[in-house]
Amino acid sequence: MNIQYEDTTLPGSYGVVGSFPKSFGYGVEVPDLEESPTSADKPRILLMGLRRSGKSSIQKVVFHKMSPNETLFLESTNKIYKDDISGSSFVNFQIWDFPGQVDFFDPTFDSEMIFKGAGALIFVIDAQDDYMEALSRLHLTVSRAYKVNPDINFEVFIHKVDGLSDDHKIETQRDIHQRANDDLTDASLEKVHLSFYLTSIYDHSIFEAFSKVVQKLIPQLPTLENLLNIFISHSGIEKAFLFDVSSKIYIATDSAPVDMQSYELCCDMIDVVLDISSIYGLEDGSGSAYDEESLAIIKLNNTTVLYLKEVTKFLALVCILREESFERKGLIEYNFHCFRKAIHEVFEVGSSNDGAAWRPASSSSNSQPSLKYASLNGSGV
């Protein structure tokens, strides 16, 4: 595999933007959770499930770069752990990790406070264990949360599937899906929608699942997808992801189906770029391994090219294309800068409304920025 790594800035690029302004509502550094007066108002994702189902391991692997093998030594969570990830990530929210023995009927359990401000509730089920008790707890949790906040997204992670065969995975997912929805129907909660994901911390499935969860909470998602579709169609690119570099969650992709192998390639490319930058790209060992000049090109031995370029301090565009398409590098670079300018316009519009990443998007936040892309035959669009 031939790896080419560059640190260059194109002439006339769209400024040098380190990160969005604080009013954008993304990636804002805040004081310690206990000291921040506004931390209680931050949108949050609730992580729930029985003891030893893998909740804390998921959080540590996705957002704190912990090795999956190191999670074997994590102690069980015995109190609500609030993790604010906005200081190093584009998405600005808290993750609340709940102990498995939480009692919803305890007088001290404030359902209104916990569920009211939540954007998503992730319930983790250990697929390698008897999940009948987990399904019962899932139903109780969803029922209580839906009464308080009907707008919450309910996500079910069927976790630890790395130890199951492919047939067993499918059968387990089908059985859990059927039983969980039957329980909701029996309780006259047909309007509640559950999304199911097969996950493991030992592969990229947990990152893809979290990507889908986060995407539902970004009101600008339709606009981002539209911009990516326009970009790839005019640049000869096969697939493009907009990644949150820190967590390797992709906050948007084009409308083509996501192939797990392609997603894994892009995740690995981010790791390569950060590792090489940490070794060779820092002056006197200071600075950041990822900055406004980050650019990487990896050419594989099957005529495939991986292309990564910085969009903001926290976001990177990672593309997959063929070598013959990459011959039009100038066209791709021009279209990229149109795309990057559009990304900034999108979030400036969102900021001018109310800056909240988790509230319903207004019509203006979904409007298409008026930008001209160069097409493959040279005509503007």
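Along the sequence shown, residues are numbered consecutively beginning with 1.
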Open item on the list: Which residue is it: Leu228, Asn229, Ile232? I am looking for the one with a side chain to side chain contact (heavy atoms under 4.5 Å, CB included) to Ser255.
Closed with: Asn229
Open item on the list: Any donor-acceptor pair under 3.5 Å linking the side-chain atoms of Asp244 with those of Ser246?
Closed with: no
- [ ] Hey, can you tell me if His177 and Phe196 have their rings parallel, tilted or perpendicular (30° and 60° cut-offs)?
- [x] tilted
TODO: Give a yes or no on whether the backbone of Tyr131 and the side-chain of Asp129 come within a donor-acceptor separation of less than 3.5 Å.
DONE: no
Task: More than 12 heavy atoms of other groups within 6.0 Å of Arg322 CZ - done: yes
Task: Distance in Å, Phe336 CZ paired with Leu317 CG, rounded so as to fall on 0.5 Å steps - done: 6.0 Å
Task: Gap between atom OG of Ser53 and atom CD of Gln128 - 0.5 Å precision - done: 12.0 Å
Open item on the list: Strictly below 4.0 Å, N to O, side chains only: are Arg179 and Asp175 in salt-bridge contact?
Closed with: yes
TODO: Answer yes or no: are there more than 12 heavy-atom neighbours, outside Gln101 itself, under 6.0 Å from its atom CD?
DONE: yes
Open item on the list: Measuring centre to centre across the rings, with the benzene-like ring taken for any Trp, is Tyr146 within less than 6.0 Å of Phe115?
Closed with: no
TODO: Classify the side-chain pair Asp167/Ser165 by whether it contains a donor and acceptor separated by less than 3.5 Å.
DONE: no
Task: Note, Asp84 side chain near Phe93 side chain (heavy atom, < 4.5 Å) - done: no
Task: Same cluster (ILVMFWY, side-chain, under 4.5 Å), Leu72 and Met66 - done: no
TODO: Using a strict cut-off of less than 4.0 Å between a Lys/Arg side-chain nitrogen and an Asp/Glu carboxylate oxygen, indicate whether Lys60 and Glu70 qualify as a salt bridge.
DONE: no
Open item on the list: Check this for me: Glu133, atom CD, are more than 12 non-hydrogen atoms of other residues, nucleotides or ligands nearer than 6.0 Å?
Closed with: no
Open item on the list: Do Leu46 and Ile122 have side chains that approach each other closer than 4.5 Å (heavy atoms only, starting at C-beta)?
Closed with: no
TODO: Specify the closest pair of heavy atoms between Asn149 and Lys116, including all atoms of both residues, with the distance to one decimal.
DONE: ND2-O, 3.4 Å
Open item on the list: Side chains of Asp83 and Gln94: any donor to acceptor distance under 3.5 Å?
Closed with: no
Task: Cation-pi, Tyr307 ring and Lys309 (6.0 angstrom, 45 degrees) - done: no
Task: Considering all heavy atoms, the nearest Ala252-Leu224 contact - done: CB-CB, 3.8 Å
Task: Distance (rounded to the nearest 0.5 Å) between Leu295 CG and Ile297 CD1 - done: 5.0 Å
Task: Euclidean distance, Ser143 OG relative to Leu184 CG, rounded to 0.5 Å - done: 6.5 Å
TODO: Would you confirm whether Arg328, through its side chain, and Gly236, through its main-chain N or O, come within 3.5 Å as a donor-acceptor pair?
DONE: no
Open item on the list: Please determine whether side-chain hydrogen bond (donor to acceptor under 3.5 Å, both in side chains) holds for the pair Thr253 and Lys239, giving the CA-CA distance in whole Å, both sets of side-chain angles, and the decisive distance to 0.1 Å.
Closed with: CA-CA 8 Å; Thr253 185; Lys239 188 67 181 171; 3.2 Å; yes
What pairs of donor and acceptor atoms, side-chain ones from residues 154-163 against any protein atom, are under 3.5 angstrom apart with sequence neighbours left out?
unit_1, atom_1, unit_2, atom_2, d
Glu155, OE1, Tyr197, OH, 2.9
Glu155, OE1, Lys216, NZ, 3.2
Glu155, OE2, Lys216, NZ, 3.2
His159, ND1, Thr199, OG1, 2.8
Lys160, NZ, Arg52, O, 2.7
Lys160, NZ, Asp126, OD2, 3.4
Asp162, OD1, Ser200, OG, 2.8

Task: Ile343 CD1 to Leu227 CG distance, which is reported to the nearest 0.5 Å - done: 5.5 Å
Task: Partners passing side chain to side chain donor-acceptor pair (under 3.5 Å) against Gln178 (at least two apart in sequence or in another chain) - done: Asp182
